[in-house]
Structure formats: C-alpha cells, structure tokens
Amino acid sequence: MKYWLMKSEPSVYGIDDLARDGVTGWEGVRNYQARNFMRDDMQLGDLALFYHSNANPPGVAGIMRVVREAYPDDTAEDEKSPYFDAKWVAAGKPNRWVRVDLELVEKFAQEVSLQALRADTKLAGLMVTRKGCRLSIQPVEKRHFLRICKLGQTCL
DNA sequence: GCCAACGTTGGC
DNA sequence: GCCAACGTTGGC
C-alpha cells in the first residue's frame with residue numbers, strides 16, 4: 001500500500017465535486033513524471049491526499065482511494081476536451097496518457113492549509129511544501145500521510 | 001497580476 | 001546534444 005498527494009484546482013474540480021460524484025477518473029495529467037507514478041506505481045487500494053492548488057488557501061482537503069488502476073485517458077484523443085493532445089494525435093501517435101479512478105474516502109473536517117503543512121515540524125521534507133514544486137502527483141511517506149490526516153481531524 | 005521554477009520545444 | 005525561448009504551474 002502506497003500513499004500519494006494529488007493536486008487539482010478547486011475551480012476546475014474540487015473535493016466537493018468528488019463528494020457529489022463519489023468516484024472520478026483523474027484525467028488531464030500531462031506530465032511524464034506524474035503519469036509514470038500513476039502507470040507504474042499506483043495500485044488498487046492506495047490512498048491519496050486531495051490537494052487544492054491555486055486556492056485560497058491552498059491545502060489538503062481530504063482523502064481518496066484508488067479504485068481502478070491506470071488505463072488510457074481518452075480525453076487526450078478528444079478534440080473537444082481541454083486536455084486534447086493535438087500535436088501528438090496529428091502526428092498519428094498512440095495515446096500516451098493514462099488516468100486512474102478514485103473514490104472519496106473522507107472530506108477533512110478541517111482543511112489543512114499549505115501554511116499549516118509548512119509550520120508542522122513533523123512534516124519536514126514533505127514534497128509539496130518545497131518552494132516551486134509543480135509535480136501534480138507526488139508520493140507521500142506513510143508517517144507524513146498519517147500526520148496530515150490527524151491535522152485534518154479525521155479518524156483514519 | 002506578478003514572478004520563480006521548471007518542463008517542453010525547436011533551431012542549430 | 002546544447003541551450004535559448006517559450007509555456008505552464010501555482011504561491012503570493
């Protein structure tokens with residue numbers, strides 16, 4: 001069992017959208033490193049922190065679980081999608097992007113802000129607290145994951 | 001809106 | 001293969 005952090009802008013898709021949907025396909029990841037984590041390392045049952053980026057304030061809003069392992073992200077081949085991989089498709093190359101399906105486990109009673117993550121000495125070294133870190137899917141150490149759950153006042 | 005970080009693209 | 005230009009991410 002592995003632990004992850006996954007970013008999404010709440011103005012695009014936030015935790016309340018996931019609460020409404022129950023399960024969602026994590027589409028639109030267009031970065032090789034993030035894709036490789038999904039494709040190679042993410043397994044059924046893994047838990048992930050739902051991180052709100054570009055938010056006021058940015059922070060962790062809850063917990064998700066992987067309910068389907070990596071499969072093709074067909075938004076890359078959909079010209080109507082904002083995630084359409086136009087140049088790649090025009091070149092006749094096969095779809096290179098994948099997504100996983102996630103279900104909501106719990107929305108935190110209290111969102112844990114980036115500021116709070118940085119202020120917690122037990123979270124030293126957490127990737128998302130590093131200045132300028134743009135990776136949208138990140139592995140998280142178990143002890144860090146559990147600590148963040150505690151800060152979010154969940155019973156997990 | 002600004003800007004730092006950093007990934008991608010394309011000329012050579 | 002180098003590297004400058006450009007585009008995107010994301011905090012502030």
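Here is the naming used below: chain letters follow the sequence lines, and residue numbers restart at 1 for every chain.
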Inset, instruction - Could you encode protein contacts along nucleotides 4-12 of chain B as a string, one character per nucleotide from 5' to 3', using B for base contact, S for sugar-phosphate-only contact and - for no contact, with a heavy-atom cut-off of under 4.0 Å? - result: SBBSS-S--
Inset, instruction - Could you tell me whether the side chain of Asp16(A) reaches within less than 4.5 Å of the side chain of Lys107(A), counting heavy atoms only? - result: yes
Legend entry - Heavy-atom side-chain contact between Arg30(A) and Thr75(A) under 4.5 Å: yes
Inset, instruction - Tell me whether Tyr3(A) is reachable from Val112(A) by hopping between hydrophobic residues (I, L, V, M, F, W, Y) whose side-chain heavy atoms are closer than 4.5 Å. - result: yes
Using a 3.5 Å cut-off and no angle test, enumerate the donor-acceptor pairs between side-chain atoms of residues 88-95 of chain A and protein atoms at least two apart in sequence or in another chain.
| residue | atom | partner | partner atom | Å |
| --- | --- | --- | --- | --- |
| Trp88(A) | NE1 | Pro94(A) | O | 2.7 |
| Asn95(A) | OD1 | Trp97(A) | N | 3.0 |
| Asn95(A) | ND2 | Asp73(A) | O | 3.0 |

Which pairs would a plain distance check flag for residues 124-139 of chain A, meaning a side-chain donor or acceptor within less than 3.5 Å of a matching protein atom at least two apart in sequence or in another chain?
| residue | atom | partner | partner atom | Å |
| --- | --- | --- | --- | --- |
| Thr129(A) | OG1 | Leu126(A) | O | 2.6 |
| Gln138(A) | OE1 | Val128(A) | N | 3.2 |
| Gln138(A) | NE2 | Leu135(A) | O | 3.0 |

